[in-house]
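Working notes, structure below.
For reference, positions follow the sequence shown, starting with 1. Start at 1 and go down the list; that is how both ligands and their atoms are numbered.
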Amino acid sequence: MDKFIIEGGTPLKGEVEISGSKNAALPIITACLLAPGEYRLHNIPKLRDVRTIAHLMRIIGAKVELAEHTMLVDTSHADFPEAPYELVKTMRASIYVLGPLLARFGRARVSLPGGCAWGPRPVDLHLKGMESLGAKIELDQGYINARSKRLAGKQIYLDVSSVGATGNIMMAATLAKGTTLIENAAEEPEIVNLGEFLIRMGAKIEGLGSKRIHIKGVESLHPTEFSIIPDRIESGTYLAAAMISRGEITLKGCEPGHLSEVLAKFREAGAEINIGESGVQLAAAGAIKPVNITTAVYPGYPTDMQAQWVALMSIAAGSSVVTDTIYSDRFAHVPELQRLGADVLQKGNSVFIRGVKKLKGAPVMSTDLRASASLVLAALAAEGVSDIHRVYHIDRGYEAIVDKLKKLGAKIERADDGMQY
Ligand code: EPZ
């Protein structure tokens with residue numbers, strides 16, 4: 001297994017290229033199942049999760065090739081509507097094949113995702129959505145067995161503005177008979193990008209980026225070529241790296257419009273932010289001011305940036321509170337940050353942080369994707385050397401993170417930690 005060895009204390013400086021969005025790429029890749037043929041997808045990030053979804057698409061019978069950042073997908077011969085447990089347990093987003101398989105083949109056998117490191121993650125809204133569209137759903141030995149004649153459009157109200165459920169229902173509804181209205185829909189940019197892809201395939205969708213998405217079913221869709229939006233969470237993570245290391249960096253290829261709330265919080269914490277032709281620049285200026293955040297659905301502060309903010313606030317000049325309203329137990333990073341000397345206390349779905357002058361390097365362990373990012377940030381600021389174990393978590397969502405950080409001046413190496421887990 002790999003680990004990162006990071007020697008903290010170097011202010012990061014320079015430019016970093018932002019990769020394509022993981023959370024837009026994953027559903028867009030599965031959406032290629034909706035119509036047979038060849039697709040060309042650009043700005044696809046080179047990530048473990050992308051390799052996982054490509055593997056799943058091949059099991060279903062699609063051809064998938066990734067050359068540089070362009071992915072060629074051919075679903076002409078896709079004919080095996082199954083997503084096995086061995087794969088789904090490694091990545092919850094595999095559930096994104098459910099909608100497309102039902103819409104195209106009228107049946108699907110998809111494993112229920114295992115719980116993530118921070119607790120079980122239900123898919124009830126996905127299943128209710130498919131049933132609303134007319135599918136018969138049975139759960140059997142950890143699998144979702146779904147069957148349907150042609151799906152029929154329906155008005156669907158989501159109890160929670162679930163990103164995944166919105167995406168799955170929207171994909172399925174594109175080929176349903178009649179109109180579907182998704183209420184309390186997710187407004188995340190990744191769902192908007194998925195919707196734009198579906199429209200490029202011939203789908204009739206209105207209301208993207210709002211709480212009410214109308215989908216008018218069509219008889220068939222067709223393959224297309226498309227480019228994925230940049231990753232807003234990768235962008236926010238590198239801005240946090242500049243801030244926590246007291247440096248100055250410019251993000252190339254980032255979409256600041258997807259980061260308004262995050263940029264506002266960095267400014268509140270004292271960062272100087274310039275948005276110009278050359279990209280989004282953050283310069284750390286003076287002490288880090290303590291700033292409270294409460295996560296919310298888009299356009300609120302993203303839960304996927306919660307762990308990173310806790311790391312940043314751990315060396316702020318004062319106390320702050322971070323509350324996650326999306327996940328009640330996404331705090332596996334807290335005990336690891338304590339090992340680095342952070343004065344953080346989790347109570348319920350909040351973390352109470354008292355800024356300390358200095359963090360001290362130590363061995364720590366990654367537990368999930370964004371917790372790992374938070375540990376890298378803290379290690380970049382800490383005095384001395386930190387070993388971060390189980391970094392396969394971070395490879396799921398951050399393309400070439402060691403190279404990108406090295407290019408910014410970070411003292412980071414990837415090494416084999418010699419431990420067999
Ligand atoms: C997406 O996950 C993202 N993943 C997550 O990013 C992100 O944290 C999350 O949205 C919230 O923004 C991808 O896009 C691949 P949800 P998703 O359904 O779709 C509850 C990362 O770090 N819920 O919006 O699984 C759920 O328990 C990952 O890149 C139900 O109750 O999230 C949670 O409390 C981690 N029933 C809330 O909704 C359901 O059927 C939001 O979940 C589905 C969800």
Side-chain angles (χ1 to χ4, degrees), residues 19-31 45 47-50 52-53 56 88 90-99 110 112-132 137 139 144 156-171 182 184-194 211 228-229 231-237 258 261-262 295-308 323-333 349 366-374 393-399:
S19 301
S21 162
K22 166 176 83 78
N23 293 348
L26 297 175
I28 286 171
I29 291 165
T30 61
L47 298 170
R48 201 157 154 263
D49 277 8
V50 168
T52 302
I53 205 85
L56 176 53
V88 175
T90 68
M91 184 180 70
R92 169 189 168 76
S94 308
I95 191 85
Y96 270 136
V97 297
L98 179 62
V110 177
L112 282 166
C116 267
W118 62 81
R121 296 215 2 226
V123 288
D124 57 314
L125 298 175
H126 296 249
L127 303 183
K128 271 190 228 159
M130 296 308 138
E131 285 177 328
S132 302
I137 302 269
L139 300 185
I144 301 162
I156 297 170
Y157 180 84
L158 294 178
D159 305 342
V160 173
S161 295
S162 157
V163 171
T166 303
N168 238 333
I169 295 165
M170 185 163 70
M171 288 189 278
I182 306 174
N184 198 26
E187 300 173 270
E188 272 69 4
E190 295 76 27
I191 293 300
V192 173
N193 206 215
L194 170 62
K211 286 257 172 255
I228 309 288
I229 52 171
D231 195 307
R232 62 191 167 103
I233 305 302
E234 184 195 26
S235 303
T237 304
H258 295 161
E261 182 59 12
V262 173
T295 67
V297 294
Y298 193 85
Y301 189 95
T303 172
D304 290 353
M305 278 294 298
Q306 178 259 104
Q308 297 91 317
T323 300
D324 199 328
T325 65
I326 306 295
Y327 295 108
S328 57
D329 56 359
R330 191 182 193 173
F331 298 106
H333 45 290
N349 64 337
S366 297
T367 50
D368 58 81
L369 172 55
R370 306 304 174 183
S372 318
S374 132
H393 287 291
I394 209 159
D395 291 330
R396 295 185 56 170
Y398 290 93
E399 177 177 344

Interfacing atoms of ligand 1 (cut-off 4.0 Å, heavy-atom, Asn23)
3 (C), 4 (N), 6 (O), 13 (C), 14 (O), 15 (C), 21 (C), 29 (O)
Atom 35 (C) of ligand 1: which of Arg330, Lys128, Arg396, Met91 has the nearest heavy atom?
Arg330
Select the closest option to atom 30 (C) of ligand 1 among Ala24, Ala373, Pro122, judged by heavy-atom distance.
Pro122
Side chain or backbone of Ala165 under 4.0 Å from ligand 1, or both, or neither, by non-hydrogen atoms?
neither
Quick check: does any side chain N or O of Thr30 sit under 3.5 Å from a backbone N or O of Tyr96, one acting as donor and the other as acceptor?
yes
Quick check: closest heavy atoms across Ser19 and Glu234, and the distance to 0.1 Å?
N-OE1, 2.7 Å
Heavy-atom distance under 4.5 Å between the side chains of His258 and Tyr298, does that happen here?
yes
Ligand 1 and Ser161, any nitrogen or oxygen pair closer than 3.5 angstrom?
no
Which of the ligand 1 atoms, numbered from 1, are nearer than 4.0 Å to a heavy atom of Val123
39 (C), 40 (O)
Hey, is His126 touching ligand 1 through its side chain, its backbone, both or neither, going by heavy atoms under 4.0 Å?
both
Examine Lys22 against ligand 1 and note whether any of their N/O atoms are separated by less than 3.5 Å.
yes
Can you measure from CG (Asp231) to NZ (Lys22) and round to the nearest 0.5 angstrom?
8.0 Å
Verdict with supporting geometry, Ile233 and Met305, side-chain contact (heavy atoms from CB on, under 4.5 Å)
CA-CA 7 Å; Ile233 305 302; Met305 278 294 298; 4.1 Å; yes
Interatomic distance, OG@Ser21 vs CD@Glu190, rounded to 0.5 Å, equals 4.5 Å
Polar atom proximity, Arg92 to ligand 1 (N or O, under 3.5 Å)
yes
What I want to check is whether the side chains of Thr323 and Asn349 have a donor and an acceptor closer together than 3.5 Å.
no
Is any N or O atom of Val163, backbone or side chain, closer than 3.5 Å to an N or O atom of ligand 1?
yes
For Ile326, is at least one N or O under 3.5 Å away from an N or O on ligand 1?
yes
Counting heavy atoms only, which part of Leu369 comes closer than 4.0 Å to ligand 1: side chain, backbone, both or neither?
side chain
For Thr303 and ligand 1, does the shortest N/O to N/O distance drop below 3.5 Å?
no
Residues forming a side-chain hydrogen bond (donor to acceptor under 3.5 Å, both in side chains) with Asp304, sequence neighbours excluded
Arg330
Counting N and O atoms only, with roles assigned by atom type, does the side chain of Ser132 sit under 3.5 Å from a partner on the main chain of Ile156, one being a donor and the other an acceptor?
no
Below 3.5 angstrom, do we get any N/O pair linking Gly164 and ligand 1?
yes
